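This is a predicted model, so every value here is computed, not measured.
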Amino acid sequence: MNFSEHSKIATASWSRRVGMLVRRIGFPNTSARLPVTNTSTRPNHPIAIPHNRGGLSPKTLRRVQDHIAANLGQKVTNQALAQVAKLSPSHFARAFKDSQGVAPHRYILECRVKRTQELLATDLPLSEIAVEAGFSDQSHLTRWFREFVGVTPGSYRWSMR
């Protein structure tokens, strides 16, 4: 790096400086994909750390998860979960996805499939397991079980023996 390049980097703002150094080293532009905040106490300091914002508080998330677990066999709507979290349904859905990494509906399906795996150890018929786990019928259970586990509930039960 020659003197003129070095002086350009030294006089640029911290975010521009990071971008210039990243391009100089040869890494792809990651600043467009990561939210970054300057965590240094010095202004224009080049050290930046990704900052995660949003999501539900741990207490609220635990309340929502407990509500889902308690009502897994029933219809659980985003409206009901939003009331538990004391948020609007659209804000709740975004915050839940920020916290869990999946949408509320997908999380509920995952919980139902886990509950189905537990129930497959019993001798209950698949149709009763489907209703008890909160699925509308056996085919609904089979479709989502295959999506998450990779095999049908009957095959899974057979492999557990």
Task: Side chains of F92 and V64 in contact at under 4.5 Å (non-hydrogen atoms) - done: yes
TODO: For D137 and H140, indicate whether the former's side chain and the latter's backbone hold a donor-acceptor pair under 3.5 Å.
DONE: yes
Open item on the list: For V113, run the side-chain contact (heavy atoms from CB on, under 4.5 Å) check against V149, I108, L141 and tell me which one passes.
Closed with: V149
Open item on the list: Would you say that R62 contacts Q65 through its side chain, given a criterion of any heavy-atom pair below 4.5 Å between the two side chains?
Closed with: yes
Open item on the list: Nearest 0.5 Å, please: how far is NE2 in H105 from OG1 in T77?
Closed with: 11.5 Å
Task: Any F96 side-chain heavy atom under 4.5 Å of N78 side chain - done: no
Task: Separation of H91 NE2 from K86 NZ (nearest 0.5 Å) - done: 14.5 Å
TODO: Give the cluster check for F148 versus W158: same hydrophobic cluster or not, with ILVMFWY residues linked at side-chain heavy-atom distances below 4.5 Å.
DONE: no
Open item on the list: Could you see if Y107 belongs to whatever hydrophobic cluster contains V84? Use Ile, Leu, Val, Met, Phe, Trp, Tyr and a side-chain cutoff under 4.5 Å.
Closed with: yes
Open item on the list: Could you check whether any side-chain heavy atom of V151 comes within less than 4.5 Å of a side-chain heavy atom of R146, counting everything from C-beta outward?
Closed with: no
Open item on the list: Is there a side chain to side chain contact (heavy atoms under 4.5 Å, CB included) between T60 and L87? Walk through the geometry before answering.
Closed with: CA-CA 10 Å; T60 304; L87 297 171; 5.5 Å; no
TODO: Spell out, as yes or no, whether a donor-acceptor pair under 3.5 Å connects the side chain of R112 to the backbone of L72.
DONE: yes
- [ ] Calculate, to the nearest 0.5 Å, the distance between atoms CG and OG belonging to L56 and S99 respectively.
- [x] 4.0 Å
Task: Pair R94 + D98, salt bridge at N-O below 4.0 Å - done: no
Open item on the list: How close do R157 and D123 get, counting heavy atoms only, and between which atoms?
Closed with: NH2-C, 4.1 Å
- [ ] For the residue pair T152 and S155, confirm or rule out a side-chain donor-acceptor distance under 3.5 Å.
- [x] yes
Open item on the list: Could you report the tightest heavy-atom contact between K97 and A103, atom names first, then the distance?
Closed with: CG-N, 4.2 Å
Open item on the list: Would you compute the distance between atom CG of L109 and atom NZ of K114 and round it to the nearest 0.5 angstrom?
Closed with: 12.0 Å
TODO: Check whether any side-chain heavy atom of F135 sits under 4.5 Å from a side-chain heavy atom of T142, and report yes or no.
DONE: no
Open item on the list: Hydrophobic cluster membership, with links at side-chain heavy-atom distances under 4.5 Å among I/L/V/M/F/W/Y: are W144 and L126 in one?
Closed with: yes
Open item on the list: For a 4.5 angstrom cut-off between non-hydrogen side-chain atoms, does L120 reach F145?
Closed with: yes
Open item on the list: Using side-chain heavy atoms (C-beta onward) and a distance below 4.5 Å, is H67 in contact with R63?
Closed with: no
TODO: Please step through salt bridge (Lys or Arg N to Asp or Glu O under 4.0 Å) for the pair R106 and E147, ending with a clear verdict.
DONE: CA-CA 11 Å; R106 184 86 174 179; E147 171 78 22; 3.8 Å; yes
- [ ] Please report the shortest heavy-atom distance between I129 and L119, naming the atom on each side.
- [x] CD1-O, 3.5 Å
